[in-house]
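Dropping a structure here in structure tokens format, bear with me for questions.
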Amino acid sequence: MQPTGASVEGFAPPRRLVARGRFLLWTGWWAAVAVAVVGCVLGILVAAPVDAKTFWFAALVFTWTAATLWGLTRRDPPLAFLALQVLYLFNVIAGATVAFVDGEVTLGVFDFSEGMVGALRLSTAAQAALWAGVVASRSVTGHAGRTRPVRVPPRRRLDRLALGLLLAGVVFQTVYVVLAGVDLATVNVVFGESRRGELAQLAEGPVVKYFKSLGSLAGVAMVVVAYRVALWGWRRSAVPWLVLAMGSATLVMEGTRTRLMVPVVAAGFVWWKTAGGMLSRRPRTLLVAGAAFAFAFLATIGGLRGQQSGKVIDIPSFLDRQVRDGVFSATAGLVWNVPSRVDHLYGRSYLDLVTLPVPRALWAQKPEGTIKQLQSNWLDPRMGASFATWGEMYANFGVVGVLVGMVLFGALVQFCWSRFAQTASGARALVLAAVIVVLLEVSGRGHLAGQVAGHFGFLVGSLAAAWRVSRYEESSVPATVGT
């Protein structure tokens, strides 16, 4: 019999106790993983001669693991920082592991094995400084617990906004292709006869690249759709499906993977912040699933775009190429040549933020980007190699520049993330999500000026979309669900 005045709910454990129990389980799980990783690192040190290469490889793996576990075990995990850690895994840890096992660092026909230890040391310093910046910013801004938007813009207005952005993106992308003088039937790099880079080589002109950047408005439409779906669901309209299908096709047709991944990640962040389902309350699960999807997508598109015709999916080859691609080899070449053979830039690459946007129609003798000029001393500029944002910091100001710059970069990323998670405005969330994702892209590619110019259309489009959404929010009613 049930006691008088009691109920089944009365015997349920307090929410705070349940939350603490889950937190302890997560902490215990990741502590066990940490012990296993540390054991593997110690095994490497014992099994191999403790030379500089072995020491710095172990230090890099240990620093990355400790920083990642710190982020995963936070009560409100900083997803932007953890996304940086995923990129670090793909771009640095994987390449460093291959180089350590092979005992050499190669990039195409170039051998940068002499720079392996320097690249390991620089990558470890960058990881530690990034982590320090995030921790410092988090201690100031506090925990970034998710706050859902308090006002719901009308569904039809969001649909019209997404369709307008999609149409603009398709138009600008079409103008870009037409001005390049390319047959539309051969543009599709992923499934067609073309290879990556063929369109870019033909698309030379004073304004052509501006149209290419503005084609990213189709990606902004996909972010708006994620916001609309999180608020209203998939029913009542075919607009979300149309925008996602056409937007993806528009952005991936050239074979540039990041043009699609940037809006996809931004859309994921916006959906996580706005949606109210159980999955949105599991950020760690979303992070793992997103990382697996990103790896599979990048490997598949990267493999297909490198084939001239008769596209064949070779999974082992694609995965091996994705693991070996990254910034570690280029970083080894950088530290081997700077400053022993080429002097530091002392901030000149950042001045490209002023000169790069000037069209060649107005400045016919405009020089190539400073980073490209630097790399041409030891690399073929057509290779498209990159040594990440900390590599650019090193190229400009050496190791001190990496330590100071990565602390500031980590603090900036965490600051934007805390503001994104805590804002109650959907319009601000759209802008902050765009800024965060562009920062993530800059971190793994380097050349700040080139990345900002490449994502100019996405940033401007996000600002325009946020302005319209803010107008919709002013005339909307408060949400039926709170924060």
Side-chain angles (χ1 to χ4, degrees), residues 50-64 84 87-132 323-350 369-381 383-410 442-448 450-451:
V50 186
D51 54 8
K53 180 180 68 174
T54 304
F55 173 81
W56 283 110
F57 175 72
L60 173 62
V61 174
F62 179 81
T63 304
W64 178 86
L84 282 174
L87 291 175
Y88 214 88
L89 175 65
F90 292 165
N91 289 329
V92 181
I93 302 296
T97 303
V98 171
F100 178 79
V101 173
D102 293 346
E104 61 180 6
V105 181
T106 58
L107 183 60
V109 298
F110 302 96
D111 187 350
F112 298 133
S113 300
E114 295 293 332
M116 182 188 300
V117 174
L120 290 171
R121 183 167 54 241
L122 188 67
S123 300
T124 304
Q127 174 68 100
L130 174 68
W131 185 16
V323 168
R324 293 179 182 275
D325 284 349
V327 302
F328 184 78
S329 298
T331 304
L334 172 69
V335 297
W336 187 31
N337 286 277
V338 177
S340 61
R341 294 173 174 81
V342 184
D343 198 10
H344 290 293
L345 298 176
Y346 299 108
R348 291 199 302 274
S349 72
Y350 298 115
T370 306
I371 292 296
K372 289 185 177 181
Q373 295 181 37
L374 176 73
Q375 289 181 326
S376 64
N377 289 280
W378 67 87
L379 282 177
D380 185 345
M383 294 180 64
S386 173
F387 38 66
T389 187
W390 57 90
E392 184 175 5
M393 294 173 183
Y394 175 83
N396 280 278
F397 304 111
V399 177
V400 175
V402 173
L403 294 175
V404 175
M406 289 306 291
V407 168
L408 296 177
F409 185 82
V442 168
S443 72
R445 297 292 298 175
H447 194 200
L448 178 63
Q451 292 301 312

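What you are looking at is a predicted structure, and each value in this text was computed from that prediction instead of being measured.
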Handout entry: Side-chain heavy-atom pair Val327, Val92 within 4.5 angstrom cut-off
Key = yes
Problem - Min side-chain heavy-atom separation Phe112-Leu379 under 4.5 Å - result: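 They are in contact (side-chain heavy atoms under 4.5 Å apart), so the answer is yes.
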Exercise for the section: Identify the heavy atoms of Leu334 and Ala395 that sit nearest to each other, and give their distance. Expected result: CD1-CB, 4.1 Å
Problem - Ser329 vs Thr106 side-chain heavy atoms within contact, under 4.5 Å - result: no
Practice task
Measure the CZ-CD1 distance between Phe100 and Ile93 for me, rounded to the nearest 0.5 Å.
Solution key: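 Going from CZ on Phe100 over to CD1 on Ile93, the span is 12.5 Å.
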Practice task
Validate the cation-pi geometry between Arg341 and Trp378: distance from NZ or CZ to the six-membered ring centre under 6.0 Å, angle to the ring axis within 45°.
Solution key: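 Pair Arg341/Trp378 does not count as cation-pi.
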Problem - Pairwise distance CE(Met393) to OH(Tyr350) - rounded to 0.5 angstrom - result: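 The distance works out to 5.0 Å.
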Practice task
Could you check whether the rings of Tyr346 and His344 sit parallel, tilted or perpendicular, using 30° and 60° as the cut-offs?
Solution key: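 Correct class here is perpendicular.
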Problem - Distance (rounded to the nearest 0.5 Å) between Leu130 CG and Met406 CE - result: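 If we round to the nearest 0.5 Å, Leu130:CG and Met406:CE are 4.5 Å apart.
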Exercise for the section: Could you pull out the closest heavy-atom pair between Leu87 and Ser443, with the gap in Å? Expected result: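 Scanning both residues completely, I find the closest heavy atoms to be CD1-OG, 4.1 Å.
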Expected list for residues 116-126: side-chain donor-acceptor pairs under 3.5 angstrom, two or more places apart:
from   : atom 1 : to     : atom 2 : distance (Å)
Ser123 : OG     : Ala119 : O      : 2.8
Thr124 : OG1    : Leu120 : O      : 2.8

Completion exercise
For Gly444 and Asn91, the nearest pair of non-hydrogen atoms, with its separation, is CA-ND2, 3.8 Å
Handout entry: Side-chain donor-acceptor pair present, Gln127, Thr63, cut-off under 3.5 Å
Key =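 There is no such pair between these side chains.
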Problem - Donor-acceptor pair, side chain of Asp343 and main chain of Pro339, under 3.5 angstrom - result: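 No; zero donor-acceptor contacts below 3.5 Å.
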Problem - Heavy-atom pair of closest approach, residues Val399 and Tyr394 - result: N-CD1, 3.8 Å
Problem - Main-chain N/O of Ser113 paired to Glu104 side chain as donor or acceptor, under 3.5 Å - result: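 Not a single qualifying donor-acceptor pair exists.
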Problem - Any side-chain heavy-atom pair of Ser349 and Leu448 under 4.5 Å - result: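 Result no, sub-4.5 Å side-chain heavy-atom pair not found.
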Exercise for the section: Check whether the ring centres of Tyr88 and Trp390 lie less than 6.0 Å apart, and answer yes or no. Expected result: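 Centroid distance Tyr88-Trp390: below 6.0 Å, so yes.
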Exercise for the section: Could you tell me whether the side chain of Leu345 reaches within less than 4.5 Å of the side chain of Leu374, counting heavy atoms only? Expected result: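 They are in side-chain contact.
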Problem - OG1 on Thr370 to CG on Asn396, rounded to 0.5 Å - result: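 One finds 8.5 Å between CG of Asn396 and OG1 of Thr370.
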Practice task
Grab the two heavy atoms, one from Phe328 and one from Ala99, that are nearest each other, plus how far apart they are.
Solution key: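 Scanning both residues completely, I find the closest heavy atoms to be CE2-CB, 3.7 Å.
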